[in-house]
Amino acid sequence: MTTTTVVPRRHPKGAGLAPLAGYLARRLLSAAVVVAIVSMLVFAFVHAAPGGPERSIGGRFATAEQLVAIREQYRLNDPLWTQYGQFVSSALGLDFGTSYSMREPVTDSISRAASTTVPLVLFGWLAALLIGTALGVVSARHAGGAFDRGVLGFTVVGASAPIFATAILLSYVFGVALGWLPTLGEGDGGMDRIRHLVLPGVTLAIAAMAAITKVTKVRVGQVLEADHITFATARGLPPRGVLVSEVLRNSGVQLVTQAGAVLVAMLSAVILVEEVFDLDGLGSLLIQAITARDIPLIQAITLFTCIFIVAVNLVVDLVCMAIDPRLRIGRGGVTR
Amino acid sequence: MTLLLTGAACGGSATSPAAGGLKVLVPVQGALLDPTQASIQSLGILLLGLEPLQRLRPDGSLRPNLATEVEQPDPRTFVYTIRSGVRFWDGTPLTADDVVHSFNLHAAKGSKSINASLWASVSNVAKTGEDEVTVELAEPDPQFPYVVAQTGIVSKAFYEKHKGNVGTPAVMNMGTGPYEFASFKPSSETVLRANPEYWGDKPAHDEVTARTVGDDSTRLLAVQSGEFDGIFNVPLNQLRSYAGLEGFEQAEAPDYAVYKFNFDTSKAPWDDIHLRRAVTLAINRADLIKGPLGGKATPAPTLVPADVMTTLAATDEVSRLYQRLESDLQFDMKVAKQEMARSSVPDGVSVTVPVTGSDPNLSAIAQTAAQSLAEIGVELKIQEVDDNTYYDAVYFKHTTDGFTLDNFGATSPDPANLPLYCLLSANGLPDGSGVNIAEYSDPQVDNALQRSQRLGTEDPKRGALLLDALESAAKDIPYVPIAHPNVYAVGNSKLDLSHFSTFWWLTDWTRLGSS
Amino acid sequence: MSTSLTLTGWRTRRPRRRPGIPVGVLIAAVLLLVPIVCVLFPSLGPGNATRIVASDALLTPSAEHWLGTDSLGRDVFARMVHGASSALLGPLLLASVTVAISTVLALIAGYYRGWADGVISRFVDVLYSVPPLVVAVVLVGVLGGGFWLGVAVLTVFNLPHNVRVLRAAVEEQAQLPYIEAAKTLGTKSIRILWRHLVPVISPLIVASFFLRFTYGIVDLSALSFLGLGVPPGSTDWGRMLAENRVTMLQNFWATAAPGLALIVMAVSANIVGDWLYNRYEAAGRAR
Amino acid sequence: MTSLDTTESAVLDVAALSIRGRRAGAEVGIVDNVALRVASGEAIAVVGESGSGKSLTVRALLDLLPPGVTAAGSIRFDHRSLGKLTARERHRLRGCQLAFVMQDPFTMLNPLQRCGEQIMAALRARDRRLTRKLCRAQAVARLEEVGISDPAVADRYPFELSGGMRQRVAIAAAIAERPRVLVADEPTTALDVTTQREILSLLDRLRRDHGLSLVLITHDLDVAFSVCDRVYVMYAGTVVESGPTAAVADRPRHPYTFSLIQAKPPLDVRVDRLLNLPGGVPSPGNWPEGCRFAPRCRWATDECTHEHPALNDVAPAHQVRCVRAGEIEHELVPRAAPTVIGSDRLARADETEALVHVRAARKTFGTGRRAKVAVESADIDVFAGESVGLVGESGSGKTTLARMIVGLTRPTSGEVRVGGVDLGQGKLSRADWSMVRSTAQMAFQDPYSTLNLRLSVGDTLNEAIRLAPKDTVRRDPAELLDLVGLPTSYQQRRPTQLSGGERQRVAIARALARNPRLIVCDEIVSALDVSVQAHVLNLLADLRRDLGLSYLFITHDLAVVRQVTERVYVLMDGRIVEQGSTPAVLDDPRDSYTKQLIRSVPAHHRRDGLVDRSRRTP
C-alpha cells in the first residue's frame, strides 16, 4: 500500500508579515485621505454659515469696527485656502490652535470634554457588547423559543425608541421617583462621576444592544448548523469547549465588525444623551462650538472624531485578521 | 411597556439634602470667568467673586461697595474713593491701579470686551489720588453708574501674570468678593467657596454652585429630584409644573424686557406705514399673552414698562400716555383689512421669520400671530436657526425679510436704556451696532433722546423727554411691542427669594432677604 | 421502546415554520396601516390640527380633545393624525432613496467589479468613517434646519452600510452558473442585472428598505429633537415630542402620544421587515 | 431477526430502528424498521440513493439527529443499549467508542484552528495534563498514521491543505481515541478518483491495523463493493437487500439493487443504452402501499402492492425484501447480455468542419508572484457531429478550457477558434459573438444553481428563445420541454419544485433554445444519483441522434466517458497528456497518469484485488 508523503504548499513564515505591512501602509494612506476630505468639507461649511465667530466674541452690542478688529485678530479675512493651509500646517505640528470662545488650547477643552464622553461611551459599549452577545448566543441556541422572542422584542423596542425617550423614562424612574441616581451633570470625578454616568451609559447601551444581539443570534445560528460543529460533537468534545473554541471563535469576525460599527454609531448617539443628561462631553462641546462658530474647536473635534473612527475601523480589521487566518493570508487557500 | 409614566403633575419627591451649600440653576453662564466676556444674567455669578465699586440693591438703588463714596462734580465726571484695607483672595491689597485696570479692560481703545459699547462714552480713566479714581466721559451718560455697578474689579497683577488665558478653567480669576472661585466648567457650572476674610458681611453660604442646563425638561427633572435648591428665570410654559413642587416657593418680578415685532422701515414693503398699521392691528396681543406667554406677562404699549418709567416721570402722565398708546394697538381685524387694502401690497406678502431655539416663546408667539396675520394675507414662514445665525440676521446685518420678532432685554434699570438702543438712529446700520432693528431715524426723536442724555441721572425732565420720544416714535410704528414677560424664580428654604427683583443678577442674590 | 436520541442539550431548535402569517407580524402590519389611514383621512377626530386657541392651553385628555392640547392650545389628537404624513413621508423617502441608490451602486460594484467596484468601495469607506450625526449637526445647524436637508443628510449616511450588504449578495450571485448561462446565451448585461440579479436579491432589498425606514424614524426624530429638522410648530411627531416634552407634567399625553407612535411604528416596521426577509430569503436560497 | 451465527460478537447491533421527522409541517416517517449488525473488525456498507434515509440512519447511531427528528428502536453497542443511557452518558461514548467522519472535507474541520490542535482536541479534553509540546508530538504521530509524513501539516490551517489531505486530518481526528466503530458518511464523494482510492485504502488499512469496525455510507455501489465485507441496500427508508459483497455484486436478488448495478455506466464496454428507471425515489410521507419499489419495478405484480414484504433469507447471510425473489432470480444477472457497441459502429465525425479548433491555448489567473497557470497550452478539436471527452481531476484546468471555448473566460494567449471566430484576439464584433454563441452553448454541474430560482421554467426558456438568431428555427417552451422529456405542464413550475435530474434537463433545454451545434457539458451528471444519471446520459444520446448535436463532455468519471464520447483528451495540471479514440485510450493507456487514473476507478478494484473476494463473471 503506498503511503504517499504528501508535501503541503510551501508557506515560509516570513511571507506572512510582508503583505501585512503593505496592507497597513495602504490603510493608513486611505485613512489620511478620508480625514482630509472630511475636515475640508466641515471647514468650508462652517465658513459658509451665516454669522461668524466675531458675533459670539463681540457680543450683541458690538460695534462694526469692534467686529472688524476681531476678524483681523483671528485673520478670518484671509482667503479660505490660506486659513486652511495654516490649520493643516499647525495641525501637523500637533498644535490645533486656540479656541476663540474658550481662550484655551483646543486640546485642553477637548480633553476635559473627553474625560466625560470617553468613559460614558466605553461603559455603554462594553455593557451593550457583553449583554448583547450573551442574549444573542442564548437566543440562537433556543431559536424560536419564548426566550428568543422575548429577547427579540426587548432589543427591537430598545433600538427603535428615540434615545431621548428612553433617557427621560430612565431619569424619571431612577432619578426622580426612586432618587437612586443623579439625573444630570457629570459629577466631580471618581466614584461620583461613575454614579453620574450610570443612567446615560445604560441609555446608550440599550440603543446599541439590539444591533449586537441580532448579529450574534444570526451568526451563531449559522455556525451551529455548520458541519464542523457536528464533527466536533461527534468526537466527544465537551459542549462548553465546543461553544468557545468553535462557535464563538467562528462568529468572532462578524461580532467584532458589528462591535466596531456600534461603537461608531454611538459617537452620534452620545450627542443626544449628553443633551438630555446635560453632560459636558464632546457632543455638547461641539454644539456649543457650532453656535459660537468656534472654527478651531469645530475643526479639532471633527478631526479627532474622524481619526477615532478610522482607528476603530482599522483595529476591527486587524482583530478580524488575527481571528481568521484566511483574511490574514489574503485570498490564499487551495482552490478545490 | 408605557413609555412615560402616567399620572400628570405628581408633586415633588424625596428631596435629598443638597450636598452642602447652595445649589442653583441659572439661565446662562459665560465661556470664560472674565468680565470682558460676561453680560446680563451671566454676570450674576461673576459679580459674586469679582465685586463692583457700587452694588445694586433689590429696590434699584445703588449702595457703596468697593467704593466708599462717589462724587459727580459735573455731569461728565465721576470720582470714586476706593475702600482701604480690602484684600484680594491671594492676600494682595486692592489698589486704585487695579480699579483703573479693571475699567480700562472695557474702556480702552480697541478693547474686545462685549461690554465695550457701554463704556463707549468714557474718554479717560485715571488714578487721581492714593485711593481715588476719576472717570471722565466724552458726553454725559446718566446710565453710567449702572455700568460701573456691573463691572467686576480684578487684580492687575493677576492679569499680567496669566497673560491671555485669564478666565479659563485652569486659571480662573482673582477677585475680592465674598465667594472665591473653586471650580469652573465653561458655560456649564461654576462652584464658589466662601471667602473667610471678606471685608463685608460674612457670606450667607459656605459654598455656592451655579449650574446652567440647556434642556428644559432635564432641568425640571433635576429640580424635582431635589438636586437643586432653586432656579432663576423659569421658562413661562413650565411654571405650573414648578409650582406643583413641594417645599419650593415661587417669586415673581416684571422683567425690564419687551417681546416685540420689528418692521425694517428701510426695506420695502415695510417702509409703507399702512402695511405696518395693518399688521399691528391684525396681531391679537391679548391672545399672545394668554397663550404662548401663559398669562405670565404684562401688556406693553411701548418699549419701557410703566413702573420703570414712573421712576423718572409723573405716574399720572405716564399712565395717560400708556392708555392712549395701548388703545392705538387694539386688535381690530376690520380696520386692519382696510389698511391692508390701502397698503402697497394689498393682496398680501409672504415673509420668513427667524426664531432661535434657546427662547421657545419666540416660535410660540410667531405661530400664534401667524394665524391671525394670515387673515390679512400676511403669510409667516417660521424658520428655527441657532443663536449665532439669529443674532447675525436680526441684530447685526438686518438680512431678514424685514419683519422680525425678538425679546430685547435692558442692560440697566434706567428707563432710557431701551429707547436709546431701539430708537436712536445712530444705533442703526451701517456704522451703529444694529440694535435699532427698525432702522428708525427721526430727527425729532433723536433730538429728544440726545437732550435727555445731557441731564443728571435723577433729573425728572429726562423722563418727560423720554415720553415725548416714545410718543412720536409710536406714530411711525417702527415696532409692535407685545408684552413685558415676568421673571420667575423658584427656591426652597435655603434660597431666600423674598426680595427677588428684575435685575437680581446685579444684586447679591445669595442673601436677597437682607442685602 | 422509544428513545428520543437528541444531541446533548444545545443543538439549535430550528423554529417550526408555522403556516400562514404569525400573529405578531399581523399586529405589526395593522399598526403600520394606522398611519397610512391617517394620511388618507387627515381630518379624523374632532379637533383641528393647526388652530391655536390660547385659552385652552395644556388641557388634559377630554371628550372634546381626545389627547388634550399642547402649550398653544392645539388639539394633540388632530395633530397626531395630521402628523402621520410627515412621520411616514420622511422615513419612507429616506428609505426608498437610500435603497434605490444603494441597489444601483451594489449592482454595478458587485457585477462589473474592476475599477467601478474600486471607486464605489472607496466612496463607501469614506462615508463609513464619517460620524453621521456629528456632520448632520454641523451641516443642518449651519445651513439652517429644514426637513429636506435633514432627509438628504441622513440618506447619504445610510448609504454605505446598505451598499456593502447588497454588493456582497450581488457578487456572490453573479458567479453562479445561471448567470454564466445567461452570459453564454448572449443576454445583455443590463438585462442580466434587471431580469436575473434584482429578483434574486429582492428579499434583501425589501429587508434593507424596512431597516432604513426604522433608522429613518429614529434619526429624523433625533434631528427634530436637536431642533434641526422640520420647522417649529409643524405637525411632525419628532418635533411634537421635542416641543411638548417641556410641559410633560401638565399634559402627559401630549408627549407620550408622539413618543409611543414613533416607537410603535419603528418596531412594527422592524418586525414586518424581518418576517418578509426570512420568508422570501428562504425561497431564494439554492438548497 | 433471522439468525446470524450469534457467536460472532456484534459490536453494534441495531434492531427495528425507526426515525420520524417533520416535512412541510407534518410528522412523517423517514426510516422505518431498519436492522444493522457490525462485528468487530468488519466493514459494512449502507448503500442507497439520496432520499433513502441512509444518512439519518447512521446519524441516529451517534445521536447526531438534527432537531425535530426523533429515532426509536434498539441500538445496542457492545451489548449495552444506548437507549437506556442518559444523553450525557451517550456523549461520553462519542469519540472513544463511536467515531464519525463526514462527506465534505472543506466544512468538516474548524477553519480557524490548526490541524494538529483539532486532532488532539479530544485527547486534551479527556486529559488536561497533556502539555502543548506533548500534544504536538502526538499529532505528528497520528498524521503519520493516516499517511501524512510532513510534520509541518500539524501547524497548518485546514484551508491551506488539499481536499484529500483534509479528509486524512479529519480521519486522524476522528480515531484519535482509538474508537471501536468508525462511521463514515460518504467520505470520498467530494474527492477526485485518485484521492478517493487513497482514502478508501487508508480506511481499509486502519480497519485491519486497529481492529476498527467500519460503517460506510455511500450512494456508489462500486465504492461499497471495493471496501466492505457486507452491504445493506436501502430504498425509501427500508433495507431492501443485505448480504456479503460478492453475493450482492454478482447475484443481486432485489430488482432495485439490480437496476442500480445496471444503471451504472460500465468502464470496460460501451453499451447501447443504460437501463433507466422510470420515476424517482418516493419522498418520506408518500411511500406507496406494499413494496415501495413496486411502482418502478419491471417485475411488479398485484401481489407486490398488497402488503409490505418482509426481509427473508435467500442464501446464508443474504436477505431480500421481495416476494418474487425466488421467481425472478435468473433474470437479475448483471451484464447478462448488454448490447455492446463495437468501436466500429461509433458515429462518423465529419472531419471537414471543425466546430472548435484550439491551438496552444493558455490561461493564467492573477499576476506576478501569485500568478497561477490554469491552462499551460492545449490543442483541441471538436468536429461536427462528434462527441469529445475532456478528462482530468479537479485543478487540471478542464473547466477553464471549457469556459474559454464558450467565451466566459478570455484566453491569455493562443488561438481559440469557435465556429470560425478566434476568441483569443482583441475586440469581437456583435456578429462574431453571435456566431460563437450559435456554435457553442454550455450546461453546468450544480443542478441547484444552474437555474434562476425566482424564474419559472417557462420564463427561463423564453429568455433563451428570445436570443435565438432570427433565421434559425424558434421552438416554444413546450417543444423544448418535450425535447428533453419533461411534461409541458412544467412551464409554470419553479426550480425549487423540480428534482436534480429535472433541473439539469431544463438547463439542457435552455441551451438547445439557441440551436447550438455543440453543447459543452461541464460535469453535468456527476452531482446526480446513478439512476438519474442514466436518464440524462440516455437523453444526451437521443438528442445527438435527433438533432445532430456534438458534445464536448467534461468529466472526471471515465465510465461516463466510455459511454458518451468517441474521442478523449486527458488533462493534467493544464497540459494534455494523452488523446485518442476513447476505446483505445481506456483499454490501452500510454501515459502513466492515464494509467493511474484508470486504476483508481473503484469498479476496477475488484479486478486487481484491492479486496479480491471473488472472480467476476465476464
Side-chain angles (χ1 to χ4, degrees), chain A residues 1-13 15-16 18-19 141-145 221 223-242 244-253 320-336, chain D residues 59 62 64 66 91-104 106-114 117-118 121-122 125-126 144 146-150 152-153 156-166 168 170 173-174 176-177 183 190 198 201-202 204-205 366 370 372 394-395:
Chain A
M1 246 324 295
T2 59
T3 51
T4 50
T5 53
V6 184
V7 180
R9 246 166 23 103
R10 282 270 42 59
H11 228 316
K13 207 71 193 113
R141 277 169 52 180
H142 307 291
V223 171
L224 282 176
E225 287 172 9
D227 282 354
H228 63 84
I229 301 295
T230 318
F231 185 52
T233 320
R235 296 195 334 255
L237 298 183
R240 193 81 52 243
V242 170
V244 170
S245 70
E246 305 252 348
V247 178
L248 286 185
R249 202 160 158 189
N250 275 286
S251 323
V253 171
C320 287
M321 274 212 242
I323 295 175
D324 190 337
R326 287 171 293 194
L327 298 174
R328 186 165 61 232
I329 303 167
R331 271 264 178 285
V334 176
T335 48
R336 223 155 81 139
Chain D
R59 287 189 175 221
L62 283 141
L64 287 175
H91 184 60
R92 238 179 261 113
L93 293 181
R94 291 196 190 115
C96 53
Q97 304 296 344
L98 288 160
F100 184 63
V101 172
M102 299 159 76
Q103 171 177 352
D104 186 350
F106 289 93
T107 58
M108 187 157 53
L109 293 171
N110 178 0
L112 304 185
Q113 216 176 10
R114 294 177 193 281
E117 282 165 34
Q118 296 200 45
R126 288 270 188 277
E144 193 75 38
V146 291
I148 298 180
S149 55
D150 173 8
V153 168
R156 287 284 168 284
Y157 287 96
F159 75 90
E160 297 175 274
L161 307 178
S162 69
M165 280 173 62
R166 284 189 220 195
R168 290 168 186 275
E177 295 173 283
V183 175
E198 284 160 15
S201 51
L202 167 66
D204 189 58
R205 181 165 54 77
R370 295 165 56 87
K372 183 178 168 309
S394 61

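Proteins get letters first, then strands, A, B, ... in listed order; numbering begins at 1 in each.
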* Spatial distance of atom CG (D:Asn110) from atom CD1 (A:Ile229) [nearest 0.5 Å] -> 7.0 Å

* Portion of D:Leu93 that has a non-hydrogen atom of chain A nearer than 4.5 angstrom -> neither

* Structure fact -> In this structure, CE of D:Met102 is separated from CG of A:Asp227 (nearest 0.5 Å) by 3.5 Å

* Asked: Rounded to the nearest 0.5 Å, how far does OG1 of A:Thr230 lie from CZ of D:Phe100?
  -> 7.5 Å

* Taking every heavy-atom pair that is under 4.5 Å apart, which of D:Gly366, D:Ala170, D:Ala99 has the most such pairs with chain A? -> D:Ala170

* Looking at D:Ala122, D:Ala176, D:Ala173, which makes the most heavy-atom pairs under 4.5 Å with chain A? -> D:Ala173

* Asked: Checking D:Glu177 against chain A: side chain, backbone, both or neither under 4.5 Å from a heavy atom?
  -> side chain

* Nearest heavy atoms of D:Pro111 and A:Pro325, plus distance in Å -> O-CG, 4.2 Å

* To do: Search all heavy atoms of D:Gln113 against all heavy atoms of A:Arg249 and return the closest pair with its distance.
  => CG-NH1, 3.9 Å

* Asked: Between CG of D:Leu112 and CG of A:Leu327, what distance do you get to the nearest 0.5 Å?
  -> 9.0 Å

* To do: Any chance you could measure A:Glu246, atom CD, to D:Leu109, atom CG, to the nearest 0.5 Å?
  => 9.5 Å

* Verify side chain to side chain contact (heavy atoms under 4.5 Å, CB included) between A:Leu237 and D:Arg94, making sure each step is shown before the conclusion. => CA-CA 8 Å; A:Leu237 298 183; D:Arg94 291 196 190 115; over 6 Å; no

* Side-chain donor or acceptor of A:Arg235 paired with backbone N/O of D:Gln118 under 3.5 Å -> yes

* Structure fact -> Rounding to 0.5 Å, atoms OG1 (A:Thr233) and CG (D:Leu64) come to a distance of 7.0 Å

